[in-house]
Amino acid sequence: MASSSSPPSALLPLSGFSKRENCRHTVLFRHKIRNFELHCSSSEHRTKASKTGQYRDTCTLTSRRNAVGFGLVVSTIGLNPLRAKGAGLPPEEKPRLCDAACEKELENVPMVTTESGLQYKDIKVGEGPSPPVGFQVAANYVAMVPSGQIFDSSLEKGLPYLFRVGAGQVVKGLDEGILSMKVGGIRRLYIPGSLAFPKGLTSAPGRPRVAPNSPVVFDVSLEYVPGLGDE
């Protein structure tokens with residue numbers, strides 16, 4: 001049992017109360033939280049107002065339930081910075097065929113422009129065969145809007161994309177760009193709107209939308225041509 005002159009707990013400031021001899025203090029949670037419970041008899045519940053107009057004081061009762069509740073609030077406040085820090089984490093990087101170092105090197109690679117208006121740069125020149133028209137090919141791709149935002153990618157799906165090259169199964173710019181590649185090669189295709197998506201493309205949530213007849217950029221790697229052996 002503590003005396004009435006014990007210093008108030010930091011969790012329960014009592015600076016607004018004057019010293020009262022009629023209240024006794026009981027220490028709660030002696031090993032964890034220093035708190036005080038004030039008890040006053042009903043006969044001494046009120047004090048007379050002084051001549052200076054001082055307001056009447058009442059003793060504040062702090063129950064064990066309130067003390068525990070206060071402790072939970074304090075612990076919740078302590079967790080908020082951690083949650084805020086977690087919410088502020090940068091988004092996870094998406095897999096790409098051309099990383100930051102590749103982008104820097106690509107600035108010095110000469111641009112090739114075809115008669116159709118397609119442009120491309122070879123990130124890596126392959127050493128295998130080029131696919132004949134109508135052959136099925138397996139290719140990985142990362143499709144982007146000109147700003148570099150990805151709207152589709154086979155890398156995120158974990159499997160290369162299979163299609164017949166030159167058969168109109170993909171956009172015209174991709175068909176044309178892969179026909180002159182060799183297996184093992186990686187190429188960046190700058191596809192004009194006329195060779196991309198004439199009707200536009202509605203992408204998945206969180207992905208940029210491709211407007212009708214707008215240019216797009218494809219990084220593509222020719223993985224293999226089924227049925228066509230390496231030479």
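Grouping the Ile, Leu, Val, Met, Phe, Trp and Tyr side chains by contacts below 4.5 angstrom, directly or via other members, places Tyr120 with Ile191. Met144 and Leu118 fall into different hydrophobic clusters, defined by Ile, Leu, Val, Met, Phe, Trp and Tyr side-chain heavy atoms under 4.5 Å apart, directly or through other members. By the criterion of side-chain heavy atoms lying less than 4.5 angstrom apart, applied directly or through intervening Ile, Leu, Val, Met, Phe, Trp or Tyr residues, Phe135 is grouped together with Tyr141 in one hydrophobic cluster. The hydrophobic clustering, which links ILVMFWY residues whose side-chain heavy atoms are closer than 4.5 Å, places Leu97 and Leu159 apart. The hydrophobic clustering, which links ILVMFWY residues whose side-chain heavy atoms are closer than 4.5 Å, places Leu179 and Val125 apart.
Rounded to the nearest 0.5 Å, atoms OG (Ser221) and CE (Met181) are 7.0 Å apart. A distance of 4.5 Å separates CD1 of Ile123 from CG of Asp219, quoted to the nearest 0.5 Å. Atom-to-atom distance recorded for Leu189:CG and Leu174:CG is 6.5 Å, nearest 0.5 angstrom.
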Less than 3.5 Å apart, which donor and acceptor atoms pair up between the side chains of residues 160-169 and the rest of the protein, not counting sequence neighbours?
| residue | atom | partner | partner atom | Å |
| --- | --- | --- | --- | --- |
| Arg164 | NH1 | Gly134 | O | 3.1 |
| Gln169 | OE1 | Arg164 | N | 2.8 |

Identify every side-chain donor-acceptor pair in residues 206-216 under 3.5 Å, counting partners at least two apart or on other chains, and give the distances.
| residue | atom | partner | partner atom | Å |
| --- | --- | --- | --- | --- |
| Arg207 | NH1 | Glu156 | OE2 | 3.4 |
| Arg207 | NH2 | Glu156 | OE1 | 2.4 |
| Arg207 | NH2 | Glu156 | OE2 | 3.4 |
| Ser214 | OG | Ala211 | N | 3.4 |
| Ser214 | OG | Ala211 | O | 2.7 |

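Annotation: side-chain hydrogen bond (donor to acceptor under 3.5 Å, both in side chains) contacts of Tyr224 (sequence neighbours excluded): none. Scanning for side chain to side chain contact (heavy atoms under 4.5 Å, CB included) contacts around Gln119 gives Met111, Thr113, Tyr190, with sequence neighbours left out. Evaluation of the side-chain hydrogen bond (donor to acceptor under 3.5 Å, both in side chains) rule for Lys104 yields no partner, not counting sequence neighbours. Listed by chain and residue number, Thr114, Glu176 satisfy the side-chain hydrogen bond (donor to acceptor under 3.5 Å, both in side chains) test with Ser116 (two or more places apart in sequence, or in another chain). Residues that satisfy the salt bridge (charged side-chain N to carboxylate O under 4.0 Å, His left out) test with Arg187, not counting sequence neighbours, are Asp122. Residues satisfying the side chain to side chain contact (heavy atoms under 4.5 Å, CB included) test with Asn108, not counting sequence neighbours, are none. Judged as a salt bridge (charged side-chain N to carboxylate O under 4.0 Å, His left out), and not counting sequence neighbours, Glu105 has no contacts.
Counting only residues at least two apart or in different chains, side chain to side chain donor-acceptor pair (under 3.5 Å) contacts with residues 130-140 comprise Asn140-Ser154, Asn140-Glu223. Contacts classified as salt bridge (Lys or Arg N to Asp or Glu O under 4.0 Å) and involving residues 192-206 (residues at least two apart or in different chains) are not found. Listed by first then second residue, pairs satisfying disulfide (SG to SG under 2.5 Å) with a partner in residues 98-195 read Cys98-Cys102, not counting sequence neighbours.
Contact record, Asp152 with Lys157: OD1-NZ, 3.2 Å, taken as the closest heavy-atom pair. Between Val220 and Ala139, the shortest heavy-atom distance links the atoms CG2-CB, 4.0 Å. Summarising the geometry of Pro95 relative to Ile150, their closest heavy-atom pair is O-CD1, 4.2 Å, with the distance given to 0.1 Å. Residues Val171 and Ala196 approach most closely at CG1-O, 3.3 Å, considering heavy atoms. Across all non-hydrogen atoms, the minimal contact from Val217 to Pro146 is CG2-CA, 4.3 Å.
Under the 4.5 Å side-chain criterion, counting only non-hydrogen atoms from C-beta, Leu228 is not in contact with Pro131. Pro129 is not listed as a side-chain neighbour of Val225, based on a closest heavy-atom distance of 4.5 Å or more.
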